[in-house]
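In what follows, a single structure is set out as structure tokens and then discussed.
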Amino acid sequence: MSKFLSARFADLEAYVPGEQPQDMQYVKLNTNESPFPPAPAVLEAVNALEISRLNLYPDPECRALRQKLADFYGVKMENVFLANGSDELLNFFFLAFCDEERAVAYPAISYGFYPVYASLYRLPAAAIPLREGFRLESGDYCGIGKNVVIANPNAPTGRAISVSEIEEIVRSNPDRAVLIDEAYIDFGGESCLPLVGKYDNLLVCQTFSKFRSLAGGRLGFAIGSPALIEDLDKIKYSTNSYNINRLTMAAAIATIENNDYYAENSRRIQENRAYTAGELEKLDFETLPSQANFIFTRCRRMEGGALYRALKARGVLVRHWEKPEIADWCRVTIGSREQMDVFLEKVREILKEVD
Ligand code: PMP
């Protein structure tokens, strides 16, 4: 730390992204990326013509892409906000809607960025414990009188709550904003987007990083009432008005136009998820039911950190946290069948050595 850093950030603990090692080829099952490349039409859309226009700023209103998303989800362009990854959207949400008087609540075990934003903006925050089996109890958020941020399905557990449970949370906190982070909704979950027209305090956030194979393009979006979108715009135009670059916009439009390709990839991932959980069960693992493109799993014969390290030494990366409540567990991204077979083979090898 330099002597120039503002004192208010001295104790800030920054978010630690999953490893992106450059030293060797790992089977990468640690950051919930898609194992499938973007659709061929996306490669065509990011072409020499688009690149030749990089001397010009992109449309700050992102009209073409917002309209595409609006048509796809049956809403109006005024309901759509775009961000540089959903991480930026979360940042804007915490900045725009939370303060000393408007505290924020989120699950104690969830996406690690939520507490970082709370700490960055020095917000009063309530980390609500999960229940038995890492289950999120919607009643814990009803009438809470705080802004609410919930990942559904939750990360790293993969467990989801129903749309009617979400509706209860939104309905019972009419004077507070509720953000439902649906980063993993397209792997078998049910989106709460249909609620947006009914409630002016609901913001639904999704990403192009998982289902839409565009993590490197950095694009997230939110759908909510025009007034909420206007508030987010105020923050955007006060920080970075050109937050979505030209190439990402072109790629994203082609992505939406090729939804069938991504739906088929999701079907394969869900198939591989069931296959992987089934094989792990035979190896004495406990795996939570998952609606996401990852599973949260625990080996009854080995501590989570030891499994993570043994897998890494064999070229397979999974995610592990030292946090005591989840130290026994690893989060494993569901990749291609070939990747999952390598993962399972390495687990079998490791367990043989433990016996
Ligand atoms: N929300 C959740 C629950 C996530 O797990 C992630 C990614 N790890 C994000 C948001 C951020 O995704 P991105 O910024 O790539 O859109």
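For reference, positions follow the sequence shown, starting with 1. None of the values given here were measured: they were computed from a predicted structure.
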Fill in the blank from the handout: Residue pairs meeting ring-ring contact (aromatic ring centres under 6.0 Å, His included), one or both in residues 238-280, sequence neighbours left out, come to Y57-Y242

Fill in the blank from the handout: side-chain hydrogen bond (donor to acceptor under 3.5 Å, both in side chains) filter on N201, not counting sequence neighbours, yields none

Exercise for the section: Check whether any side-chain heavy atom of M249 sits under 4.5 Å from a side-chain heavy atom of P58, and report yes or no. Expected result: yes

Handout entry: I109 reachable from V116 in the ILVMFWY side-chain graph, under 4.5 Å edges
Key = no

Exercise for the section: Mind jotting down which residue pairs meet the side-chain hydrogen bond (donor to acceptor under 3.5 Å, both in side chains) criterion with at least one end in residues 92-108? Sequence neighbours excluded, please. Expected result: none

Handout entry: Gap separating the CG atom of L69 from the CD1 atom of I223, nearest 0.5 angstrom
Key = 6.5 Å

Completion exercise
For F221, the ring pair (Phe, Tyr, Trp, His ring centres under 6.0 Å) test, sequence neighbours excluded, returns Y73, F208

Problem - Pairing residues for T157 by the side-chain hydrogen bond (donor to acceptor under 3.5 Å, both in side chains) criterion, not counting sequence neighbours - result: none

Exercise for the section: For the residue pair D87 and Y111, establish whether any side-chain heavy-atom pair is separated by less than 4.5 Å. Expected result: yes

Fill in the blank from the handout: In short, V104 meets A118 closest at the heavy-atom pair CG1-CB, 4.4 Å

Fill in the blank from the handout: salt bridge (Lys or Arg N to Asp or Glu O under 4.0 Å) pairs touching residues 186-214, sequence neighbours excluded, are E167-K198

Completion exercise
Applying side-chain hydrogen bond (donor to acceptor under 3.5 Å, both in side chains) to D233 and not counting sequence neighbours gives none

Problem - Of all pairs that satisfy ring-ring contact (aromatic ring centres under 6.0 Å, His included), the ones with a partner from residues 329-352, not counting sequence neighbours - result: F134-W329, F296-W329

Let me check something: any side-chain donor-acceptor pairs from residues 11-19 under 3.5 Å, sequence neighbours excluded? List them with distances.
unit_1 : atom_1 : unit_2 : atom_2 : d
E19    : OE1    : Y308   : OH     : 2.7
E19    : OE2    : K312   : NZ     : 2.5

Exercise for the section: May I have all residue pairs that pass ring-ring contact (aromatic ring centres under 6.0 Å, His included) and include part of residues 154-177, sequence neighbours excluded? Expected result: none

Could you go through residues 34-50 and list every donor-acceptor pair under 3.5 Å that involves a side-chain atom there, pairing it with any protein atom two or more places apart or in another chain?
unit_1 : atom_1 : unit_2 : atom_2 : d
S34    : OG     : F36    : N      : 3.0
S34    : OG     : F36    : O      : 3.4
S34    : OG     : S213   : OG     : 3.0
N47    : OD1    : L49    : N      : 3.2
N47    : OD1    : E50    : N      : 3.0
N47    : ND2    : E44    : O      : 3.2
E50    : OE2    : R53    : NH1    : 3.0

Problem - Side-chain donor-acceptor contact under 3.5 Å, Q20 with K28 - result: yes

Practice task
With sequence neighbours excluded, tell me which residues meet side-chain hydrogen bond (donor to acceptor under 3.5 Å, both in side chains) with S266.
Solution key: Q270

